[in-house]
Amino acid sequence: MTDSESAFDGNGPMPEILAIYPGSFDPMTNGHLDLIERGCRLFDRLIVAVLTNLDKEPFFTVAERVEMLAAVTSKMENVSVDTFSGLLVDYARYKRAEVILRGVRAFSDYEYELQMALMNRKLEPKVETVFLMPQEEYSYLSSRMVREIFKLGGPVKGLVPPLVEEWLHRKAFPQVS
Ligand code: PNS
């Protein structure tokens with residue numbers, strides 16, 4: 001790498017590192033929150049970016065997911081919530097982000113995540129994907145499972161932030177709230 005390509009040449013203050021944490025967040029889980037907490041300690045700024053063009057029918061609308069993420073992360077000063085559509089690397093370029101943050105829970109995640117990270121690197125070599133592991137107790141947790149457990153009447157306490165649990169109940173039983 002030449003000096004002109006390097007993000008930091010040793011002169012002046014260290015540049016700020018902006019990371020993007022992309023996902024569907026349908027809904028946000030405690031595993032996502034764990035990763036956001038880790039990410040905001042590592043990077044100067046973290047944007048949690050909700051994908052808007054999901055193929056499948058979502059449980060929560062994009063606006064609802066953004067509202068929940070914003071409420072749960074409101075005390076984290078360097079975290080913001082946004083939406084994106086299209087290619088993730090185009091969004092990263094537009095935001096001038098250096099890092100894509102992703103969580104890896106188990107070996108089963110690895111192949112898909114590796115494929116995605118390498119494809120994103122091919123599309124935009126300047127953006128690095130950084131993987132973090134959530135706390136072990138969240139290593140089996142996924143939004144899909146939360147939706148399934150909830151729809152089948154099981155308890156989701158401890159799997160999602162309390163506010164998200166409230167939203168799940170409100171969504172399922174709108175007449176009660
Ligand atoms: O939470 P998810 O559903 O695992 O997140 C997947 C996400 C949103 C990160 C991924 O689907 C994505 O980046 N989609 C945007 C389209 C894109 O850039 N595709 C090329 C990457 S291989």
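What you see is a predicted model, and the numbers here were worked out from it, not measured in a lab. Just so you know, ligand 1 is whichever comes first in the structure, and atom 1 is the first atom listed for that ligand.
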Answer whether the closest heavy-atom distance between the side chains of Val127 and Asn120 falls below 4.5 Å.
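Counting from C-beta outward, Val127 and Asn120 never come under 4.5 Å.
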
Taking C-beta and beyond as the side chain, do Ile36 and Leu69 meet within less than 4.5 Å on heavy atoms?
yes

Could you pull out, from Val89, Leu88, Leu118, Asp109, the option with a heavy atom nearest to atom 13 (O) of ligand 1?
Leu88

Ligand-residue contact atoms, ligand 1 with [X], heavy atoms, under 4.0 Å:
X      : answer
Leu51  : 8 (C), 15 (C)
Gly86  : 15 (C), 16 (C)
Gly23  : 1 (O), 5 (O), 8 (C)
Met116 : 10 (C), 21 (C), 22 (S)

Have a look at ligand 1 and work out which part of Arg102, if any, has a heavy atom under 4.0 Å from it: side chain, backbone, both or neither.
side chain

Counting heavy atoms under 4.0 Å, the part of Asn120 that contacts ligand 1 is side chain

Heavy-atom contact under 4.0 Å between Ala49 and ligand 1?
no

Qualifying residue, where the test is side-chain contact (heavy atoms from CB on, under 4.5 Å) with Asp26 and the options are Glu64, Arg144, Arg65
Arg65

What distance separates Arg102 CZ from Tyr112 OH, expressed to the nearest 0.5 Å?
5.5 Å

Walk me through it: do Lys95 and Asp82 pass the test side chain to side chain contact (heavy atoms under 4.5 Å, CB included)?
CA-CA 11 Å; Lys95 286 287 172 185; Asp82 195 10; 3.4 Å; yes

Under the side chain to side chain contact (heavy atoms under 4.5 Å, CB included) criterion, do Glu111 and Leu114 qualify, and how do the steps go?
CA-CA 5 Å; Glu111 199 174 336; Leu114 180 72; 5.9 Å; no

